[in-house]
Amino acid sequence: MTIAYLPLPADDVPPYEPWAGEPEVLAEAAAAGRRAAAWIRSLPAPPAPRPVGTWLTGALPAAVEAATASLDPAQCDRMGPDGRLVEGNGGVDAGTASTLTVVPCVLSDADWLTPDQHIRLLAVASITTGIARLLADDPGTAILHGLVAQMCATLDHATRPDTPGLATQFEHAL
């Protein structure tokens with residue numbers, strides 16, 4: 001029996017070319033992530049030391065900063081050399097993504113925080129992972145049509161202490 005392999009991609013595959021405005025969009029995302037991380041670090045500490053308190057002041061803000069600083073539109077969904085779909089990660093590594101996805105599970109242990117702070121933390125984690133997913137799914141649309149910029153503005157709104165409470169806004173919507 002003869003096994004015939006499919007040809008490998010040519011070595012002359014053109015390098016990734018950034019989208020128009022990509023550096024500015026990524027810089028704004030990193031800045032929004034730093035602001036969100038600073039807000040998380042400014043949250044009140046638990047009345048007594050707890051592991052979740054340490055996690056909220058260390059691992060979570062570090063994950064938000066790392067995710068927004070490492071965004072990479074070149075790491076988008078694509079076809080692999082074997083013809084299978086390779087799911088992109090938008091530049092966010094698995095460990096950072098895992099830290100962000102555990103936020104809803106951890107908040108029940110952060111009972112010293114207000115419901116508004118819980119909702120804002122959920123928003124930060126969701127928006128941060130959402131930006132990476134947007135870039136992984138369709139970087140051109142996300143950058144050229146301002147979707148990443150909109151998400152960064154939403155991230156800023158969620159962490160702005162002078163805005164009305166998100167929990168209050170949610171209650172009024174019901």
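FYI, the numbering just counts along the sequence from 1. What you see is a predicted model; the values in this text were computed from it and never measured.
Put simply, the side chain of Asp77 never gets that close to the backbone of Glu87: no donor and acceptor are under 3.5 Å apart. In this structure, Thr141 contributes its side chain and Asp138 its backbone to no donor-acceptor pair below 3.5 Å. Put simply, the side chain of Arg41 never gets that close to the backbone of Ala36: no donor and acceptor are under 3.5 Å apart. In this structure, Ser70 contributes its side chain and Gly91 its backbone to a donor-acceptor pair below 3.5 Å. The backbone N or O of Leu147 sits nowhere less than 3.5 Å from a side-chain atom of Gln150 that would complete a donor-acceptor pair. When atom types are taken as modelled, the side chain of Glu65 and the backbone of Ala62 share no donor-acceptor pair closer than 3.5 angstrom. Proximity of a side-chain donor or acceptor of Arg78 to a complementary backbone N or O of Cys76 within less than 3.5 Å is detected. His118 places a side-chain N or O within 3.5 Å of a backbone atom of Ala110 that can act as its donor or acceptor partner. Under the 3.5 Å distance criterion, the side-chain polar atoms of Trp55 are left unmatched by any main-chain donor or acceptor of Leu60.
Closest approach of Gly90 to Ala136, counting heavy atoms only: N-CB, 3.6 Å. Contact detail for Ala29 and Val148: the closest heavy-atom pair is CB-CG1, 4.5 Å. For the pair Arg120 and Trp39, the tightest heavy-atom approach, listed with the atom from each and the gap, is CB-CH2, 3.4 Å. The two residues Leu56 and Pro61 make their nearest non-hydrogen contact at O-CD, 3.1 Å. Nearest heavy atoms, Thr68 versus Thr128: CG2-CG2, 4.0 Å. Here the closest non-hydrogen pair linking Ala97 and Val92 is N-CG1, 3.9 Å.
Here the CG-OG1 distance, from Asp93 to Thr96, works out to 3.5 Å after rounding to the nearest 0.5 Å. Atom OG1 of Thr159 is separated from atom CD1 of Ile40 by 8.5 Å, given to the nearest 0.5 angstrom.
Applying the side chain to side chain contact (heavy atoms under 4.5 Å, CB included) test between Val52 and each of Leu113, Asp111, Val106 identifies Val106 as the sole match.
Taking 4.5 Å as the limit, some side-chain heavy atom of Leu134 sits within range of a side-chain heavy atom of Met151. Side chains of Ile143 and Pro73 form a contact here, defined as non-hydrogen atoms less than 4.5 Å apart. Glu22 is not listed as a side-chain neighbour of Pro139, based on a closest heavy-atom distance of 4.5 Å or more. Considering only heavy atoms from C-beta on, Val124 stays 4.5 Å or farther from Leu121 through its side chain. Between Pro104 and Leu122 there is a side-chain heavy-atom pair separated by less than 4.5 Å.
Applying the side chain to side chain donor-acceptor pair (under 3.5 Å) test to every pair with at least one member in residues 23-35, sequence neighbours left out, gives these pairs: Glu28-Arg35, Arg35-Asp156.
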Please assess Gln117 against Leu43 for the test side-chain contact (heavy atoms from CB on, under 4.5 Å), listing each intermediate value before the final yes or no.
-> CA-CA 8 Å; Gln117 291 166 332; Leu43 290 172; 3.7 Å; yes
